[in-house]
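Here's the structure, in structure tokens; my notes come after.
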Amino acid sequence: MKASVADDAATKICTAIARVPRGRVCSYGGIARVAGLPGRARLVGTVLRTSPTKRELPWFRILTASGKLAFPEGSEPYAEQRRRLEAEGVSFVNGRVDLKRFGWPREASLDEALWGMGEAQ
DNA sequence: AGCGTGACAAGGT
DNA sequence: GACCTTGCCACGC
């Protein structure tokens, strides 16, 4: 099978996504940072879009830095993601999630998250 | 090999 | 906040 997305990077990204706790969310850029790939938010999107293993990941806990879902409002994917998030307690206000409240990692535990990945500078 | 596209983000207006 | 512009870079054609 084709490794597509720089295999290595994809693995790191998937690992990072898998770490987002239930009832919490993380931005694409946040996942990229935790994965040790700062500035590569789009790569996270590419992985989720192309990776066949996404079924096993909490892909619905990933959203944009502004707290909005990446899918167009009204689309089926949007509905499913929002349904899954609300099912685990993540609330929406005006179509967006308050990252200060449901975001992960929290500022205080960012270091810990990076250490866990063994990617801290 | 070149080019448009995209499940993004940060900075400026 | 909303909108634009620029940076990013893997993918497909």
Side-chain angles (χ1 to χ4, degrees):
Chain A
M1 52 189 132
K2 192 170 184 304
S4 62
V5 189
D7 50 20
D8 175 45
T11 299
K12 291 179 181 174
I13 290 173
C14 289
T15 301
I17 293 175
R19 301 178 65 190
V20 182
R22 197 166 171 292
R24 298 292 256 328
V25 297
C26 184
S27 68
Y28 290 82
I31 290 298
R33 280 195 299 280
V34 173
L37 301 167
R40 310 251 190 115
R42 295 197 88 151
L43 184 57
V44 176
T46 298
V47 170
L48 260 50
R49 175 171 61 81
T50 66
S51 179
T53 67
K54 69 181 177 185
R55 310 275 179 197
E56 307 161 37
L57 296 171
W59 58 271
F60 52 89
R61 294 181 188 141
I62 312 304
L63 28 73
T64 72
S66 59
K68 297 189 297 184
L69 302 191
F71 296 114
E73 206 171 333
S75 68
E76 174 44 37
Y78 178 97
E80 183 182 352
Q81 182 171 12
R82 178 159 179 165
R83 175 166 52 70
R84 292 201 180 210
L85 287 175
E86 295 186 310
E88 46 181 56
V90 177
S91 60
F92 285 68
V93 178
N94 260 334
R96 65 186 126 115
V97 175
D98 183 352
L99 294 179
K100 287 300 180 188
R101 197 150 68 116
F102 301 101
W104 178 93
R106 302 181 107 183
E107 293 304 328
S109 58
L110 179 57
D111 298 330
E112 190 181 326
L114 291 172
W115 271 111
M117 288 296 291
E119 294 296 335
Q121 290 70 37

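Source: prediction; values computed, not measured. Reminder, nothing fancy here: chain letters follow the sequence lines and each chain counts from 1.
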field: Closest listed nucleotide, where the reference is the side chain of A/R33 and the choices are C/dA10, B/dA10, C/dG7
entry: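 So the nucleotide nearest the side chain must be B/dA10.
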- prompt: Among B/dA9, C/dG7, C/dA2, which is the nearest nucleotide to the side chain of A/R96?
  reply: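 The closest nucleotide is C/dA2.
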Distance check needed: [N] [atom2] versus [X] [atom1], whole Å only.
| X | N | atom1 | atom2 | answer |
| --- | --- | --- | --- | --- |
| A/W59 | B/dA7 | CH2 | P | 13 Å |
| A/L85 | B/dA7 | CG | P | 18 Å |
| A/R84 | B/dA7 | CZ | P | 19 Å |
| A/I17 | B/dC8 | CD1 | P | 13 Å |
| A/E80 | B/dA7 | CD | C1' | 13 Å |
| A/L37 | C/dG7 | CG | P | 21 Å |
| A/Y28 | C/dC9 | OH | P | 19 Å |
| A/R49 | B/dC8 | CZ | P | 10 Å |

- prompt: Are A/K68 and A/L63 close enough that some pair of their side-chain heavy atoms sits under 4.5 Å apart?
  reply: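 A side-chain contact is absent here, since even the closest heavy-atom pair is not under 4.5 Å.
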message: Less than 4.5 Å apart, side chain to side chain, heavy atoms only: is that true for A/F71 and A/R82?
response: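 Answer no - side chains too far apart.
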message: Side chains of A/S91 and A/R101: any donor to acceptor distance under 3.5 Å?
response: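 There is such a pair (donor and acceptor under 3.5 Å, judged by atom type) between the side chains of A/R101 and A/S91.
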- prompt: When we call it a touch if two heavy atoms are under 4.0 Å apart, what does A/S27 touch: a base, just sugar-phosphate, or nothing?
  reply: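 A/S27: backbone/sugar contact only, no base atoms under 4.0 Å.
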query: What does A/R40 touch in the nucleic acid at a heavy-atom separation under 4.0 angstrom: a base, only the sugar-phosphate, or nothing?
result: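 Sugar-phosphate contact only.
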- request: Could you tell me whether a side-chain N or O of A/R61 sits under 3.5 Å from a main-chain N or O of A/V20, the two making a donor and an acceptor?
  value: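 Yes: the side chain of A/R61 pairs with the backbone of A/V20.
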